[in-house]
Amino acid sequence: MTVRLSFENGTVRVDTDDLPVDSLADLPGVEVDPRSGTARAPAYRYAFLRAVLGERGADVEDTVRSTALDRSLSTDYDLRDYQRDALDAWHDAGDRGVLELPTGSGKTVIAVAAIADLSVPTLVVVPTIDLLEQWRAELEAEFDVSIGQFGGGEQIQEGITVSTYDSAYLRADEVGGDFGLVVFDEVHHLGGEGYQDIARLLAAPARLGLTATFERPDGAHEAITKLVGPKVYDVAVDDLAGEHLAPYDIKRVEVELTPAERERYDEAQGTFVDYLRTSGLSLRSGSDYQKLVMRSGNDPRAREALLAKQRARDIMLNADEKVRELADILARHREDRVIVFTAHTNLVYRLSERFLIPAITNETGAKERREILDRFRSGEYSRVVTANVLDEGVDVPDANVAVVLSGSGSEREFTQRLGRILRPKADGGRALLYEVVSSETAEENIASRRR
DNA sequence: TTGACTCAACATCCTTTGCTACAA
DNA sequence: TTGTAGGTTTCCATGTTGAGTCA
């Protein structure tokens, strides 16, 4: 029999003249719409569909992927051993899957090699404009071809196109048939409810996901596994520390709440715990917490409990003693390059004023941000204080000391922050991360969760 | 082109043990 | 016997981003 495949609005349309349309429903992922009499599958099933039709010996007329590159690509990169192993593992898995490698280990290089190996139209999807520009520059330099861009005010498609997740989400149903390979940088973002659609609407058979932390606390990496492929290779920070990344130490510093803070903390935390006890609600996972949040919508006591929890968090994460501890640390590291991380922007501004350190938050405009980072890079500034802005997706000049004054329980956040000081040092020196924790508060739990 | 604004989406948010129903 | 998940349909607050709009 002859089967025609074509791309239509994020789906692969399946037509045949030889058989009734209902008989196509036994193909993988194919559903028949009785009203229009058409059969279609989600675009991401395209490769599988081709494989099954091949097995059945069907004659396939395929117009799904209408474009090709006008020449094959090559790269001059010399892959390191682990990069080569990662690339091989991905090829062995049928050009599908996720590579988990630490920040600074050269994930881009592997992707460039993969793009060259396949030499098919490629879409690279990244979370921020900053990364979009970095990738674009890198690809232009390496392949000497013009690179398309979706996002940041441009909508230009080329053989290789770099896109933000947001723009990819907006364009995928339209251009989803044009690519043979899709690279998802920071692929953990793809677990987001909406972003998963990007991968569903693309027909690209080859899929590469890159991340430093694949697993998500909400379990959405399972969905990513379905859409991109399983994790096929990983290497830990500790495997590379010493040779390709700087060796490092983590120093945990405990500080006490002041008596006044302690009183307010115990009161607020007590309100929260009391509510849990009397309401019969048990918190064992993030979803239990979500239930509490929902309940707070129409239960004033639940709402009060949550607000009290919020107050308790504020007190322990922004404790006065942390500021004093930071003064000590900064005095000890006068000659070093230091990045200070917090969980709240208020504290960022407080520290910025107190220690005269340039601050970067979400309120810092792009121009000012670039200026600060440039000066940090040149050595004019030796310190920067920030909340979460510099965690990911920004090219941050290297430092050798990080101070995590406060943060969340997210393993990802911690890994990213640590990654900021791991670029190998010219003198072979060690990097140092301070983790400052308020003792005898829930922050001890938070701190143990992230490691 | 720039800047200020709004909006939608995403991420984190977790006590200290005990109950129940159900699946493996 | 042992292990594991748990109410259904939106959301207390804070931080961050990209897209879109308008002057």
Side-chain angles (χ1 to χ4, degrees), chain A residues 125-133 149-155 163-171 186 188-198 213 216-220 268-314 317-318 341-349 360-369 386-394 406-414 416 441-450:
Chain A
V125 188
V126 304
T128 63
I129 303 276
D130 219 79
L131 278 171
L132 186 122
E133 280 162 6
Q149 177 173 328
F150 295 157
E154 273 193 52
Q155 294 293 328
S163 171
T164 60
Y165 277 84
D166 285 88
S167 284
Y169 177 70
L170 296 172
R171 302 288 308 271
E186 309 290 0
H188 48 269
H189 286 282
L190 197 65
E193 200 71 42
Y195 290 162
Q196 289 182 25
D197 282 342
I198 301 169
T213 42
R216 292 171 47 116
D218 62 0
Q269 182 75 3
T271 303
F272 179 68
V273 175
D274 274 353
Y275 174 78
L276 288 184
R277 207 175 28 236
T278 56
S279 67
L281 209 63
S282 64
L283 290 187
R284 249 163 307 181
S285 67
S287 59
D288 290 339
Y289 190 82
Q290 203 56 39
K291 267 184 234 155
L292 173 58
V293 172
M294 282 180 185
R295 199 184 276 198
S296 72
N298 52 19
D299 177 352
R301 284 191 61 227
R303 184 181 146 79
E304 174 48 33
L306 268 180
L307 291 177
K309 181 68 195 163
Q310 190 67 33
R311 284 198 300 276
R313 274 175 55 79
D314 273 357
L317 293 183
N318 301 307
F341 296 97
T342 75
H344 294 284
T345 51
N346 277 345
L347 183 57
V348 171
Y349 295 128
I360 298 183
T361 71
N362 63 322
E363 292 163 12
T364 315
K367 197 172 143 202
E368 190 184 351
R369 214 178 271 197
T386 180
N388 299 313
V389 186
L390 302 185
D391 285 356
E392 178 194 284
V394 184
S406 58
S408 72
S410 159
E411 197 184 332
R412 169 164 303 118
E413 178 191 277
F414 188 77
Q416 284 165 339
T441 67
E443 193 178 17
E444 294 182 325
N445 288 334
I446 292 181
S448 65
R449 239 182 298 143
R450 63 186 167 216

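Side chains are part of it too, since the values below use all heavy atoms of this structure and drop only hydrogens, waters and symmetry mates. Each chain gets a letter, A, B and so on, in the order its sequence line appears, and its residues count up from 1.
The gap from the P atom of C:dC12 to that of B:dT16 amounts to 24 Å, rounded to the nearest Å. The same atom, P, is picked in B:dA11 and in C:dT8; the two are 22 Å apart, to the nearest Å. Using atom P as the reference point in both B:dG18 and C:dC11, the two lie 33 Å apart (nearest Å). Spacing of P atoms, C:dT10 relative to B:dT17, comes out at 35 Å, to the nearest Å. Atom C1' of B:dC14 sits at a distance of 16 Å from the matching atom of C:dA13, rounded to the whole Å.
In this structure A:T278 satisfies the side-chain hydrogen bond (donor to acceptor under 3.5 Å, both in side chains) test together with A:R301, sequence neighbours excluded. With sequence neighbours left out, the salt bridge (charged side-chain N to carboxylate O under 4.0 Å, His left out) criterion links A:D197 to A:R200. With sequence neighbours left out, A:R412 forms a salt bridge (charged side-chain N to carboxylate O under 4.0 Å, His left out) with no residue at all. Under the side-chain hydrogen bond (donor to acceptor under 3.5 Å, both in side chains) criterion, A:E368 pairs with no residue at all, not counting sequence neighbours. Remark: A:S410 engages no residue in a side-chain hydrogen bond (donor to acceptor under 3.5 Å, both in side chains) (not counting sequence neighbours). Here A:E304 pairs with A:R311 under the salt bridge (charged side-chain N to carboxylate O under 4.0 Å, His left out) rule; sequence neighbours left out. A:D166 is linked by a salt bridge (charged side-chain N to carboxylate O under 4.0 Å, His left out) to nothing, counting only residues two or more places apart in sequence or in another chain. Taking the side-chain hydrogen bond (donor to acceptor under 3.5 Å, both in side chains) definition, one finds that A:N362 meets it with nothing, sequence neighbours left out. Not counting sequence neighbours, the partners of A:H189 by the ring pair (Phe, Tyr, Trp, His ring centres under 6.0 Å) test are A:Y165.
Closest approach of A:V389 and A:I360 over heavy atoms only: CG2-O, 4.0 Å.
Within a heavy-atom distance below 4.0 Å of DNA chain B, the residues of residues 268-278 of chain A found are A:Q269, A:F272, A:V273, A:L276.
Nucleic acid contact class of A:A302 (heavy atoms, under 4.0 Å, all strands): none. Within the nucleic acid shown, A:N445 comes within 4.0 Å of at least one base atom, counting heavy atoms only. Here A:Y165 lies out of heavy-atom contact (under 4.0 Å) with every strand. Using a 4.0 Å heavy-atom criterion, one finds that A:E304 contacts no nucleic acid atom at all.
For the pair A:R216 and B:dA11, the criterion of a side-chain N or O lying under 4.0 Å from OP1 or OP2 is met. Between A:S296 and the phosphate of C:dC12, there is a side-chain N or O to OP1/OP2 separation shorter than 4.0 Å. In terms of phosphate contacts, A:R412 brings no side-chain nitrogen or oxygen within less than 4.0 Å of OP1 or OP2 of B:dA11. Within the structure, a side-chain polar atom (N or O) of A:K309 is placed less than 4.0 Å from OP1 or OP2 of B:dT15.
Checking A:L307 against A:T386, the closest nucleotide of DNA chain C that is more toward the 5' end is the one next to A:L307. Toward the 5' end of DNA chain B, the nearer of the two residues A:H188 and A:K367, judged by each one's closest nucleotide, is A:K367.
C:dT10 has its base syn relative to the sugar, with a glycosidic angle deviating from 0 by at most 90°.
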Strictly under 4.0 angstrom, non-hydrogen atoms only: write out the protein contact profile of nucleotides 17-23 of chain C, one letter per nucleotide from the 5' end, B, S or -. SSSS---
Per-nucleotide protein contact string for nucleotides 18-24 of chain B, where B marks a base within reach and S marks sugar-phosphate only (heavy atoms under 4.0 Å, - for neither): BB-----
